[in-house]
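Below: the structure, in structure tokens.
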Amino acid sequence: MTPAGSLLTAHDLHKSYGSTPALDGASFSIHPGEVVAVMGPSGSGKSTLLHCLAGIVTPDRGTITYAGRELSTMSDAERSALRRTEFGFVFQFGQLVPELTCVENVALPLRLSGARRKDAERTALTWMERLEVDDLGAKRPAEVSGGQGQRVAVARALASSPKVIFADEPTGALDSLNGERVLELLTEAARSANVAVVLVTHEARVAAYSDRDVTVRDGRARDLEHAV
Amino acid sequence: MSIGHTLLGLLESGPRHGYDLKRTFDEKFGHDRPLHYGQVYSTMSRLLKNGLVEVDGIESDGGPERKRYAITEAGITDVSAWLAQPEKPEPYLQSTLYTKVVLALLTGRSAADLLDAQRSEHLRLMRILTDRKRKGDLADQLICDHALFHLEADLRWLELTAARLGRLAKVVNP
């Protein structure tokens, strides 16, 4: 079943690592421009759910539909292209290429999709301005603070105009002031660009930036407001 | 909150009318619960009786008479003592939520559902406060943060209790 108007839907996902079940009948859906928090204790399966939704991990059973197409019917190359052009990613840390400057990092997804350096960097700077890090363009990731680095990572995730951003504990390594600013900027930018955000977190204060939340417990996703 | 001490504190910067005091109080501290005029005048009468304020002048401006109040030395000492006295931390031992969880277990109802519903309600309020914080000024942000941290603490308790329900069921239903 695909809830009306949803962009990305998962139904009855099962995934085991060896004999350990990570997902046990999880379902999920998100609409364009919606911010959904995926919550749950450590080991509940929330990161596995995110990896399945993003096409990084293939579930053992169940269906994932993105914009009307089932992910399982796509080739590896098609799924890679989907991740590059339609999805953006923000992780807890270690996601920026250390050898590149911040602006080159933000421009990277555009360059990989064939954009010319000048055009890619111009778009990158627009997003960096939005995330209040445009003055860091020439610096390398090691030369900026954790909070600034996460804003650069958010700018990179948004630069290729994705339809969905997957954020896995995006503020987990930041102090609360920096973390909140990153969340504010991420959710504001995503909402105004009609980008859906799947926000994996175990923190209620982070989840409070979402429009609704889904709880994963023992590999099952529970959506109290919108049962799917 | 001690309304008397707060109004006294506001008077330290200079004499004010009752209406002016109410307006300043509401602006700074009364976002959700503005003061009633009656509260202001009854509090000022008490402060006056106790010698903590005095009437600095009476104006009418063609309308009804308005008293202008000023803080006394005794009032300033009283505010200082109140500010220096730490607030008693809430012990949070009389928890309705805990009672509900135990009763649900005792009566064979789903304590997990109860905790989930509560969790959802807490998050709903946290969303509203986060939104208000985002749109508000620094004072608004601080007030909302105070509430958000308390709600977050409740949520952590809800999570922990959910993880311990099996053990708790054995304790309450031996």
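Residue numbers begin at 1 in each chain, while the letters A, B, ... track the order of the sequences. Values reported hereafter were calculated over all heavy atoms of this structure, with side chains retained and with hydrogens, waters and symmetry mates removed.
Between D213(A) and R124(B) no salt bridge is recorded (no basic side-chain N to carboxylate O distance below 4.0 Å).
Heavy atoms of S210(A) lying under 4.5 Å from chain B belong to its backbone as well as its side chain. Within the 4.5 angstrom heavy-atom criterion, no atom of D131(B) approaches chain A.
Closest non-hydrogen pair, A204(A) versus L123(B), comes out as O-CD2, 3.9 Å.
Side-chain polar atoms of R119(B) and T215(A) form a donor-acceptor pair below 3.5 angstrom.
Open room surrounds OH on Y98(B); 12 or fewer heavy atoms of other groups in view lie less than 6.0 Å from it.
At a threshold of 4.5 Å between non-hydrogen side-chain atoms, the residues E180(A) and L148(B) do not count as touching.
Proximity of a side-chain donor or acceptor of R127(B) to a complementary backbone N or O of Y209(A) within less than 3.5 Å is not detected.
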If you apply the rule side chain to side chain contact (heavy atoms under 4.5 Å, CB included), what do you find for T187(A) with R134(B), and how did you get there? CA-CA 11 Å; T187(A) 51; R134(B) 208 166 50 204; 4.0 Å; yes
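At a heavy-atom cut-off of under 4.5 Å, chain A is reached by L155(B), E159(B) from residues 155-167 of chain B, listed in order of number.
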